[in-house]
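Following: one structure in C-alpha cells, then a few remarks.
Note that the structure is a prediction, hence the values are computed from the model and not measured. For ligands, and for the atoms within them, numbers begin at 1 and follow the listed sequence.
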Amino acid sequence: MPQRPYIVGNWKMNGTRAMLSEARAIDRAAQRLMKVEVAVAPPYTLLHAVHREAAQIAVGAQDCHPGQEGAHTGDISAGMLADAGAKFVILGHSERRESHAESNSCVQEKALAALDAGMRIIMCCGEADKIRQSGKAEDFVIQQLRESLPTLENAAENLTVAYEPIWAIGTGNSATVGDVSAMHTAIRALLVELYGVEEGAEVRILYGGSVNPENARELLSADEVGGALVGGASLTADSFMGIALAAAEIQDS
Ligand code: PEP
C-alpha cells in the first residue's frame, strides 16, 4: 500500500446517541494508529455529534442531494452536510442505486455538488452477482465509473473510489484477492485515463464487501487496494479498529 491506508466505516441506517461511545472509542484508537486514516459515516442524525466528539477521525455523510437548497422534502444538500461537520460524502452506494433508483448521471450530479461544497467524495461502484457470472464485471464497473465520476479539475485530489461487489456486501462472502486486484487494476487504468498519470495514480481505491478483522490483512495487501469501506464490522470499535490495525501492520511490514 504506497499511500496512507484509508479505513472508512459506513454505519448505514444504524445508531442512536448510544453509539457515540463507539465513536469515541474509535477516535481514541485512531490516535494510536497515525499511519492509517480512519473515518466514519454515521447516519445524518449523529453526524454533528460524532463530529464534535472526534479529535482524530474525519466524519462524513452517506449521500447528498444534487441541489443547494429548496423544496426537496427529506433531502439534505452537500452544503448543509459540510456545515454539520462532514468532510466527505459516500456516493453511488449500491443500496442507494438500488432502493432509490439512482442512475450514474444522478450520482455524478451529486458528486459535482459535493465538490462545490468543498467536500471529498467516496465514489462507490460494483457489479451484481449475475454480471460477475456473465464474465462482464470489469466492463460494467468501468462503464459505471465513467458515467458517475466527476471530471472537474479539482476532482482527483478530492476523490476516493470504493469497489464494492454487490454480492459481497453484508453476505460474509468477500471477493477473492485475485478478483479484487484485477478489478482495482482496471479501475486504476481508468483513473489515469481520466485524470492523468500523476493525479490518477494518487486516488485511493478501497475495497468493500464483508471486510472484517480476520480477512482484512489479506484483502488490504492486494495490489492497488488503498484501504477498505466497511459496513457491518464498523459498528463496534473493536472490530472496526481491528481492520485499521491490520492496515497499520501492513504499513510496518
Ligand atoms: C458496505 O455496504 O459499504 C459494506 C461494505 O458493507 P459490509 O462491510 O457489511 O459488507
Q | Expected output: side-chain Asp27 to main-chain Ala54 donor-acceptor under 3.5 Å | A | no
(Q) Going by side chain to side chain donor-acceptor pair (under 3.5 Å), Ser148 matches just one of Lys110, Glu109, Gln108, Arg97. Which one? (A) Arg97
Q) Below 3.5 angstrom, do we get any N/O pair linking Gly232 and ligand 1? A) yes
Q) Any ion pair linking Glu37 and Arg120 (charged N to carboxylate O, less than 4.0 Å)? A) yes
Q: Can you pull out the closest protein heavy atom to atom 3 (O) of ligand 1? Residue, atom name and distance to 0.1 Å, please.
A: Glu164 OE2, 2.7 Å
Q | For the student: nearest non-hydrogen atoms of Ala117 and Gly79, plus distance | A | CB-N, 3.8 Å
Q) Counting heavy atoms only, which of Ser174, Gly170, Gly231 is nearest atom 10 (O) of ligand 1? A) Gly170
Q. Got more than 12 heavy atoms from elsewhere within 6.0 Å of CD, Gln68?
A. no
Q. Does Ser210 reach ligand 1, in the sense of a heavy atom lying below 4.0 Å from it?
A. yes
Q. Should Thr171 be counted as touching ligand 1, given the test is an N or O pair under 3.5 Å?
A. no
Q. For Glu218, does the CD atom sit with more than 12 other heavy atoms under 6.0 Å from it, leaving out its own atoms?
A. no
Q | Proximity winner for atom 2 (O) of ligand 1, if only heavy atoms of Glu95, Gln62, Lys12 are counted | A | Lys12
**Q.** Heavy atom of Ala168, distance to ligand 1 below 4.0 Å
**A.** yes
Q) Should the proximity of Asn10 to ligand 1, defined as any heavy atom under 4.0 Å, be assigned to the side chain, the backbone, both, or neither? A) side chain
